Amino acid sequence: MCERTMKVILMLISSNCSQNYIYLHTCTFLLKRFSQLLELTMGNLFSASISCDATISRCLDCSVRKTAYICQLQDNLLILETELKKLIEGRDDVLIKVRVAEQQGMKRLAKVQGWLSRVQGVETEAGKLIEQSGREVEQLCVGGFCSKNCKSSYKFGEKVFKTLRIVENLKGEGDFKEVAQTVPETPVDERPITPAIIGLQSTFDKVWRCLTEEKARIIGIYGMGGVGKTTLLTKINNKFVEFPDKFDVVIWAVVSKDLELEKIQDSIAKKIGLFNESWKFKSLEDRAQEIFKTLNRKKFVLLLDDIWERVDLITVGLPPPTPENVSKVVFSTREVEVCGSMEAQKSFKVECLRYEDAWRLFEEKVGKETLDSYPNIPELAETVAKECGGLPLALIVVGRAMACKKTPQEWEHAIEVLRSTASKFSGMERTVYSRLKFSYDLLPSDTIRFCLLYCCLFPEDYRIKTEDLIDYWICEGFLDEYDGIGARNEGYSIIGILIHACLLEEEEDEQGNNYVKMHDVIRDMALWIASTTDHEKEKEKFLVRAGVGLTEVPSIEMWKDVTRMSLMNNKIEKLSKSPICPSLRTLFLSRCDIEKIKSDFFQSMTSLRVLDLSCNFNLPLAFQFSDLVSLKHLDLSSCYITRLPEELKYLVNLRCLKLENIFHLPRIPSEVISNLEMLRVLRMRGCAGLASQEEDSILFGDEELLVEELLCLKHLNVLTITLTSLLALQRFSSSSILQRSTRSLSLTLLKDSKSLDVSHLASLRHLERYDMSVCEDLEELKIEYTGEVKNIQVTDGFRSLCHVTIVNCSKLRHMTWLIFAPNLKRISIDQCESMEEIIKSDEVTAEAMENRVPFARLQYLGLCGLGKLKSIYANPLPFPRLKEMMVWRCTELRKLPLDCNGGSERNFIIKGDEDWWKELQWDDQATQSAFLPCFKTIGW
């Protein structure tokens, strides 16, 4: 029976009906029960015989397994949902651990990342099965042991079963002891930067060379706001990506104007792996100690962007950069003073762009499509670009604003706005001025801030003479007029502060005069501030129309309530109306071609303190000076005036009177000068000259009388003067008042004297400039150097002397006395045909030359038309500060006193005729080779 039953079951399984899963299930069930019965009755014997039949065994296993996919489907789905939730919970726990580790600068393990990816995959797959399960469960029948669509249910059940096995395996694999590990940081993190950096390459090369080749350990980069300092620092940072082996770590930290050392420490800690959850709870000192321990073993570069004051690197925790550890600190700032406070060994200024680079940047921001949209737009665009003054920030803002302007009218309007009220141009106030204003806001005092605003009264690109600016400030009351020299020194200090803050630029002309200039965009910002700010002391209203081509003064209505007005550099020939402006304190009318002034023009200007009428060639002086009762500053320099009005003596409050370069002024009425008892500054250099060649043209009849009147000015602290009389010079030199106040002395047209003792100059302790011209009889400028008293006078007395000019003194043979002026910057000797030596060696004693190096501070030496000159100095000199030596028409000068040990290291220029240069004699080949690159042919 058993054998027959077995055959029947196997026949059913193998028959066609076995394709029907209902029959298959029934047969399988019977086979299972039959096998169990046989095991109980026949034991191991039957079992062994069955196992010997491999075909039957495989068939049974396969059938049971396939049947289970259907009959266990519902159970498997429930288990899958449960196990999947557990897997996801485990995944989330692992992810938390990973994220915490990554916040600490660690990197997740590859096996963890692989497991997370596989979990993500099975989660997606299981989700799809669970979503489809409802439809498949509905097809089950016979208590879940059968299906209406057995083939579909079988395949679905198989997927569920296999997915469940994967979920269970992944759940077992997710028990990680560690999920991340600390990995070595890259030395430098590349930072985003503009693809094309224009105009910074030269400065970048200098800084990079200093970083990689020189011994400077702390390097400063300074410049005005918006000029590209951060861009340059970013370029330096990214350059280290190409050289990862130069330093162990490159750290970037942004400082900004509100200095917080903790933020700098955070930036450092994040880069060197110290930043974690507990870091923020540590004290400044503990953080510094950890930073020091880590960086003390590393060769590092710290890049500090936008610092406004000294950053104490020791307090931050930075090991001091030394030659031994080769570490570097590079910072950017707007103020050069910060470079000093940071003890920078090298400082580099980021200048505004040259026009070619400025145009390239502007062109890039505007776009070719706009520039090509109309034939004359490129020309107009160049004008707009020039108005930005080479400042990258302004070029970018204006360029972007003009990118959609495709008509000439729009560009012409833009030019008009930028020239008149640039603050109204799109983006300028919000993006440019507000950013530049940080530098203004951080100036040390309101006085310094207003001194800056005062500079916007001058036209664009105008060079303001430094000493003139200080004169204005004193008379305006910004500085204490009673402080004398102290007030002037404070003025120079303020100018230094503004220069160091990159709000003013300093310049020097060929004659050695010092100037400051305001960048166009800084000037526009100052005008914007002046028009929007109420100052603490009083309401200020500026009206500035300087250099805009006016032919008439503004309408009478516009003068009302104005406190400071500048109309200089225009074409205003007539002042024919009488404005009512009782609040006006400053009026600039220089360089306006004024030829007519209404007699009562100044009638209502009772508060006027500063009046500048200089450089009006045909200026009439018929107006009523008596109306100017508050006037403290009057400038009539460089005007064609044949006689000063006697009414000047009524300006009793005058502190500063300027009469320089009035060459045709034959007379000053008696008692005009002496009546101005409050004068602090009197500038009369060039107030003789041409007029004095005329008969009876000496100032108010006799220069000695002029000197006597000067002696009445007890408060005088600045005097510049030209004298043509030896008697006047002698009286002048004997006055202690004039000795302490003289800044510039010019001697011209001296007659009937072959020798002049210049020892009197030693008593002029503040003398900065000494000029001589057209002294045709003069053969010698001598100085007595005998005795200890004289020694002290000479060595101390010439310390302020910086500029010496000698012109057309045809019989003068030498200038030996110059060795007693240790701080000379410029010497110019012109058309002195008899001069044979500059320093005559046999005139100088060993005692006089003890501890003395001639021309140690000289920057410029000009020798022109000295046909008999054979020697400058007998021995070679180092000339440590000389920038330029010009030799022209000095055919007998065959040798220069040059020391080859220092020449090749400086930017040293020797200008002259090429034939003269070829005939020069040299001590040796080394000297000639050292100075050969210094020569430049004069292009006359």
Side-chain angles (χ1 to χ4, degrees), residues 354-356 463 506-515 746 769-774 802-815 818 821 824-839 854-940:
R354 297 174 303 171
Y355 176 71
E356 294 79 8
R463 296 198 307 178
E506 58 183 335
E507 292 188 1
E508 184 176 336
D509 67 8
E510 294 181 355
Q511 286 72 45
N513 298 307
N514 295 315
Y515 297 84
S746 298
R769 185 182 299 272
Y770 180 70
D771 302 335
M772 288 187 67
S773 62
V774 200
C802 296
H803 309 276
V804 172
T805 302
I806 309 295
V807 180
N808 285 325
C809 296
S810 57
K811 296 182 180 179
L812 198 60
R813 296 194 299 269
H814 64 87
M815 294 286 292
L818 292 178
L824 280 173
K825 292 182 179 179
R826 296 181 64 90
I827 298 174
S828 181
I829 305 176
D830 237 351
Q831 305 303 320
C832 298
E833 294 89 349
S834 299
M835 189 165 294
E836 299 177 356
E837 299 173 272
I838 303 300
I839 305 297
F855 310 135
R857 295 181 180 272
L858 195 67
Q859 297 178 12
Y860 173 84
L861 176 62
L863 306 173
C864 183
L866 311 183
K868 294 183 179 181
L869 184 67
K870 296 181 179 179
S871 171
I872 296 174
Y873 189 72
N875 301 316
L877 294 172
F879 288 113
R881 301 194 182 184
L882 191 63
K883 297 178 181 178
E884 181 179 335
M885 178 188 295
M886 188 187 75
V887 180
W888 180 252
R889 291 176 55 205
C890 301
T891 54
E892 296 298 315
L893 184 62
R894 299 298 186 189
K895 192 173 183 180
L896 300 178
L898 298 176
D899 182 356
C900 69
N901 293 325
S904 60
E905 298 176 0
R906 299 190 306 271
N907 187 17
F908 189 91
I909 298 175
I910 304 173
K911 292 183 178 179
D913 181 78
E914 190 166 356
D915 291 336
W916 165 79
W917 179 256
K918 290 178 180 179
E919 297 296 324
L920 273 181
Q921 299 172 6
W922 303 92
D923 287 336
D924 49 53
Q925 185 62 44
T927 304
Q928 183 178 12
S929 299
F931 289 98
L932 189 61
C934 302
F935 179 69
K936 184 177 181 181
T937 304
I938 295 179
W940 292 348

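Positions are given from 1 along the sequence. Given the structure is predicted, the values throughout are model-derived calculations rather than measurements.
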*Not counting sequence neighbours, which residues clear side-chain hydrogen bond (donor to acceptor under 3.5 Å, both in side chains) with Asp924? List them please.*
Thr927
*Smallest separation among heavy atoms of Val774 and Cys809, with atom names*: N-SG, 4.4 Å
*Quick one: list whatever passes side-chain hydrogen bond (donor to acceptor under 3.5 Å, both in side chains) with Ser871, sequence neighbours left out.*
none
*Qualifying residues under salt bridge (Lys or Arg N to Asp or Glu O under 4.0 Å), relative to Lys936, sequence neighbours excluded*: none
*Applying salt bridge (Lys or Arg N to Asp or Glu O under 4.0 Å), name anything that partners Arg813, two or more places apart in sequence or on another chain.*
Glu779
*Please walk me through it: do Thr805 and Met772 pass side chain to side chain contact (heavy atoms under 4.5 Å, CB included)?*
CA-CA 6 Å; Thr805 302; Met772 288 187 67; over 6 Å; no
_Show the nearest heavy-atom pair for residues Ala930 and Cys934, with the distance to one decimal._
O-SG, 4.2 Å
*Can you tell me if CZ on Arg354 sees more than 12 non-hydrogen neighbours from other groups inside 6.0 Å?*
no
_Let me confirm one number: the CD1-CG distance from Ile910 to Leu932, rounded to the nearest 0.5 Å._
9.5 Å
*asked:* Can you list everything that forms a salt bridge (Lys or Arg N to Asp or Glu O under 4.0 Å) with Glu507? Sequence neighbours excluded, please.
replied: Arg463, Lys517
Distance-only check: which donor-acceptor pairs under 3.5 Å involve side-chain atoms of residues 914-922, not counting sequence neighbours?
| from | atom 1 | to | atom 2 | distance (Å) |
| --- | --- | --- | --- | --- |
| Trp916 | NE1 | Leu893 | O | 2.9 |

*Name all residues meeting the side chain to side chain contact (heavy atoms under 4.5 Å, CB included) criterion together with Asp830; count only those two or more places apart in sequence or in a different chain, and write none if there are none.*
Val807, Cys864
*side chain to side chain contact (heavy atoms under 4.5 Å, CB included) partners of Glu833, counting only residues at least two apart*: Ser810, Gln831
*Step-by-step side chain to side chain contact (heavy atoms under 4.5 Å, CB included) determination, Leu863 to Cys890*: CA-CA 7 Å; Leu863 306 173; Cys890 301; 4.1 Å; yes
*asked:* Measuring only between side-chain heavy atoms, which start at C-beta, is Thr937 closer than 4.5 Å to Asp913?
replied: no
Anything under 3.5 Å between a donor and an acceptor, one on a side chain of residues 855-862, the other on a protein residue two or more places apart or in another chain? List them.
| from | atom 1 | to | atom 2 | distance (Å) |
| --- | --- | --- | --- | --- |
| Arg857 | NE | Asn823 | OD1 | 3.0 |

*Mind checking the CD-CD1 spacing from Glu837 to Ile872? Nearest 0.5 Å is all I need.*
11.5 Å
*What pairs with Asp923 under side-chain hydrogen bond (donor to acceptor under 3.5 Å, both in side chains), at least two apart in sequence or on another chain?*
Lys895
*Contacts of Gln925 that satisfy side-chain hydrogen bond (donor to acceptor under 3.5 Å, both in side chains) - sequence neighbours left out*: Ser929
*Atom CG of Leu877 and atom CG of Leu882: how far apart are they, to the nearest 0.5 Å?*
10.5 Å
*With sequence neighbours excluded, tell me which residues meet salt bridge (Lys or Arg N to Asp or Glu O under 4.0 Å) with Lys911.*
Glu884
*asked:* With a 4.5 Å cut-off on side-chain heavy atoms, are Lys868 and Glu892 touching?
replied: no
*Shortest non-hydrogen contact between Pro897 and Tyr873, atoms and distance*: CB-O, 3.7 Å
*CZ/Arg889 to CG/Leu869 distance, rounded to the nearest 0.5 angstrom?*
13.0 Å
*Could you tell me which non-hydrogen atom of Met815 sits nearest to which non-hydrogen atom of Ile839, and how far apart they are?*
O-CD1, 3.7 Å
*Of all the heavy-atom pairs spanning Leu812 and Ile806, show the shortest one and how long it is.*
CD2-CG2, 3.9 Å
*Shortest non-hydrogen contact between Leu898 and Phe908, atoms and distance*: CD2-CZ, 4.1 Å
*asked:* Would you compute the distance between atom NZ of Lys870 and atom OG1 of Thr891 and round it to the nearest 0.5 angstrom?
replied: 10.5 Å
